[in-house]
Amino acid sequence: MTYNRWTTAIMLNAFVFPGAGHWLIGRRLSGVIIGVLAVIFLMTPLAAYTRTTLHLFSLLKYKGTGLSMMGQAWTMNQDLILWCLAGLVITWGFGILDLVVRRRRREQ
């Protein structure tokens with residue numbers, strides 16, 4: 001595999017989607033695992049926040065504004081959102097670091 005392909009793989013992982021670079025260099029299972037983890041870490045807080053926001057909007061007795069309901073939804077889900085954000089950053093960072101280390105080992 002050429003140097004350009006490894007560089008492309010690292011850039012794909014860094015800027016497009018975690019796991020895409022692993023897929024490019026032929027490490028399909030690693031790419032799928034990293035990609036699935038990234039999707040889980042992205043979709044879980046989005047689904048929880050959306051569910052809570054829609055629930056608050058559906059309450060007829062709730063007299064707040066839209067922004068206060070969204071703030072309440074954030075307060076109710078902030079731990080999950082922050083943990084998933086941390087998981088996404090760790091997954092993304094691991095993917096990039098793994099590609100860099102593999103490239104260096106291959107060059108030696």
Side-chain angles (χ1 to χ4, degrees):
M1 190 168 300
T2 65
Y3 177 78
N4 281 341
R5 190 160 182 159
W6 280 95
T7 303
T8 303
I10 293 170
M11 291 299 119
L12 272 174
N13 232 29
F15 297 111
V16 177
F17 191 78
H22 288 81
W23 187 270
L24 178 69
I25 64 168
R27 304 214 19 105
R28 305 273 192 241
L29 183 60
S30 297
V32 168
I33 290 171
I34 291 170
V36 167
L37 282 173
V39 168
I40 289 170
F41 286 137
L42 282 171
M43 296 308 293
T44 301
L46 180 63
Y49 180 78
T50 302
R51 185 185 64 238
T52 305
T53 303
L54 291 175
H55 174 71
L56 290 174
F57 274 117
S58 71
L59 294 175
L60 297 175
K61 62 184 177 187
Y62 195 87
K63 301 292 184 196
T65 64
L67 287 177
S68 66
M69 285 186 235
M70 291 170 65
Q72 183 67 24
W74 162 257
T75 302
M76 294 170 73
N77 293 300
Q78 72 183 23
D79 289 342
L80 174 69
I81 293 169
L82 293 176
W83 278 109
C84 285
L85 180 62
L88 180 64
V89 168
I90 290 168
T91 302
W92 215 311
F94 170 78
I96 294 169
L97 183 63
D98 184 48
L99 285 173
V100 169
V101 169
R102 286 182 189 281
R103 184 183 83 192
R104 286 188 182 160
R105 283 184 185 165
R106 191 169 179 94
E107 289 175 354
Q108 289 180 353

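Only heavy atoms go into these numbers, but all of them, side chains included; no hydrogens, no water, no symmetry mates. Just so it is clear, the model here is predicted, and its values are computed rather than measured.
Residue Ile81 holds its CD1 atom at 9.5 Å from CG of Leu85, rounded to the nearest 0.5 Å. In this structure, CZ in Arg106 is found 12.0 Å from CZ in Arg103, a value given to the nearest 0.5 Å. Atom OH of Tyr49 is separated from atom CD of Gln78 by 11.5 Å, given to the nearest 0.5 angstrom.
Nearest heavy-atom pair across Gly19 and Ile34 is N-CG2, 3.6 Å. Shown here for Leu80 and Pro45, the closest heavy-atom pair between the two residues is CD2-CA, 4.3 Å. Taking each heavy atom of His22 and Ser30 in turn, the nearest pair found is CD2-CB, 3.8 Å.
Every residue two or more places apart in sequence or in another chain that forms a side chain to side chain donor-acceptor pair (under 3.5 Å) with Thr52 is listed here: Asn77.
Under the 4.5 Å side-chain contact rule for hydrophobic residues, Val101 and Ile25 do not share a cluster. In the hydrophobic clustering of ILVMFWY residues, with side-chain heavy atoms under 4.5 Å counting as a link, Met43 and Phe17 come out together. Cluster membership check: Val100 does not share its hydrophobic cluster with Trp23, using side-chain heavy-atom separations under 4.5 Å among Ile, Leu, Val, Met, Phe, Trp and Tyr. Cluster annotation: Phe94 is not connected to Leu37 through the hydrophobic network of ILVMFWY side chains, with a link wherever side-chain heavy atoms come within less than 4.5 Å. Using a 4.5 Å cut-off between side-chain heavy atoms of Ile, Leu, Val, Met, Phe, Trp and Tyr, with links allowed through other members, Val39 and Leu46 fall into the same hydrophobic cluster.
Within a 6.0 Å radius of CH2 in Trp74, more than 12 heavy atoms belonging to other residues, nucleotides or ligands are found.
With Trp92 as reference, Ile96 is the one residue of Ile90, Ile96, Val89 to meet the side-chain contact (heavy atoms from CB on, under 4.5 Å) rule.
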